[in-house]
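First the structure, in the form of structure tokens, and then the observations on it.
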Amino acid sequence: CPLPSFGVNCSTLTGAAKYCPEGTVSPGDCAAGYYCPNPAAARVACTLGDYCGSGTQYASDCPAGSFCPDSTVKISCNTGDYCPNRTTTTSNPCTAGYYCPDATQQIQCSTGTYCPASSSAETDCSAGSYCPYPNTTVSCSSGYYCLTNSTEQTICPPGYYCATTNARPVVCSSGTYCPSGSTSQAACLAGYYCPSFTEQYQCNLTQICQEGSSNWTLCPAGSYCPSTVLQLSCSSGEYCPEGSTSQSSCPAGYYCETSSNRTKCPVGFYCVERSLAAAACPTFATSTAGAAAVT
């Protein structure tokens, strides 16, 4: 009589992937790195980008969020990585200009944000810099300002100054000069006047313009101004009306109690040149108004 047979008919197996090579007494799991769609047929090697663990009936993609350096190994990707289906490499940083909230998604960053490689979230473009593209950040130039989420730098406007590049412009004070792109407020120059923060005009002769002047003024009476930046007091016996560029002697026929005023000599008095007061005529002498001497 023939010996009894204990073999298994692999062609009748269904369900879990099994593999029955020749001489098999009992079916075994399909080995890692292979898939076995039919237990009675030859096993099939998985390709790079597949994941085939032990007992795989059908090959499947290496899943998103993991990478598979070969078809037998599946490793979770790191935070800031992007691993779509069938990733095989160990280094998979999220692309600059994108962010990856998890390793299965890569989302383009919004305008005004900055996303370097391996970003897991959007970051505001920081004040003091501007981001023309989400993958690029540029330091703001001096004389410009860049608020948070700027995509370009803005020149400091006329009438303002920008001491730093990361804050709003500051209004300039009266009597200062702040053209476009100012990093500080500058006092209007001596010899000039600044009716507005963006205008600076040279003073004319007879005018006086000290540093920080918002308007010109005539050289005041009692003083003389040899230049638009120098104001000197008139000497005793001199006469300096408003707008004087030099001092003049108080003329004969007048007296000058102060250098800002001259008064005509009255009748009965006489006034020589540079008189500070009218002098009375001697006895039996007389004079007319404005006389420089007795008659």
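Since the model is a prediction, treat every value here as computed from it, not as a measurement.
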Side chains of Asn149 and Asp124: is there a donor and an acceptor less than 3.5 Å apart? yes
Going through the checks in order, is the side-chain contact (heavy atoms from CB on, under 4.5 Å) test met by Asn92 and Tyr82? CA-CA 6 Å; Asn92 307 283; Tyr82 173 52; 5.7 Å; no
Kindly determine whether Ser91 and Thr89 satisfy side-chain contact (heavy atoms from CB on, under 4.5 Å), including the steps that lead there. CA-CA 6 Å; Ser91 179; Thr89 54; 5.8 Å; no
Verify the distance criterion only: is there a donor paired with an acceptor across the side chains of Gln185 and Ser173 at less than 3.5 Å? yes
Take atom OH in Tyr160; do more than 12 heavy atoms of anything else shown fall under 6.0 Å from it? no
Phe269 backbone acceptor or donor facing Ser287 side chain under 3.5 Å: yes
On a heavy-atom basis, the closest approach of Ser66 and Cys77 is C-SG, 3.7 Å
Let me see the working for Cys188 and Cys209 under disulfide bond (SG atoms under 2.5 Å apart), right down to the final yes or no. CA-CA 9 Å; Cys188 195; Cys209 297; over 6 Å; no
Cys146 and Cys125 SG atoms under 2.5 angstrom apart: no
Taking the side chain from Gln247 and the backbone from Ser235, do they hold a donor-acceptor pair closer than 3.5 Å? yes
Does Tyr35 have its ring centroid less than 6.0 Å away from the ring centroid of Tyr58? no
Check whether the side chains of Ser248 and Glu238 place a donor and an acceptor atom closer than 3.5 Å, and report yes or no. no
Quick one: do the Thr263 and Glu257 side chains pair a donor with an acceptor below 3.5 Å? no
Flag if over 12 foreign heavy atoms under 6.0 Å of CD, Gln105: yes
Is a side-chain N or O of Glu122 found less than 3.5 angstrom from the main chain of Ser110, in a donor-acceptor match? yes
Judged by atom type as modelled, is there a donor-acceptor pair below 3.5 Å linking the side chain of Asp70 to the main-chain atoms of Thr72? yes
Nearest atoms (heavy-atom pairs only) where Ser141 meets Thr165: O-CG2, 3.6 Å
Going through the checks in order, is the side-chain contact (heavy atoms from CB on, under 4.5 Å) test met by Val73 and Cys68? CA-CA 5 Å; Val73 180; Cys68 301; 5.9 Å; no
If you round to the nearest 0.5 Å, how far is OH of Tyr133 from OG1 of Thr113? 14.5 Å
So does Tyr145 get a backbone contact from the side chain of Arg168, meaning a donor-acceptor N/O pair under 3.5 Å? no
Closest heavy-atom contact between Ser150 and Leu147? OG-O, 2.6 Å
Donor-acceptor check, side chain of Asp50 to backbone of Thr47, threshold 3.5 angstrom: yes or no? yes
Flag for Glu199-Tyr201: side-chain donor and acceptor within less than 3.5 Å: yes
Between Gln106 and Thr95, is the side chain to side chain donor-acceptor pair (under 3.5 Å) condition met? List the steps. CA-CA 8 Å; Gln106 181 168 261; Thr95 305; 3.1 Å; yes
Hey, does the side chain of Asp102 reach the backbone of Thr104 with a donor-acceptor pair shorter than 3.5 angstrom? yes
So, the side chain of Glu152 versus the backbone of Pro132: is there a donor-acceptor pair under 3.5 Å, distance only? no
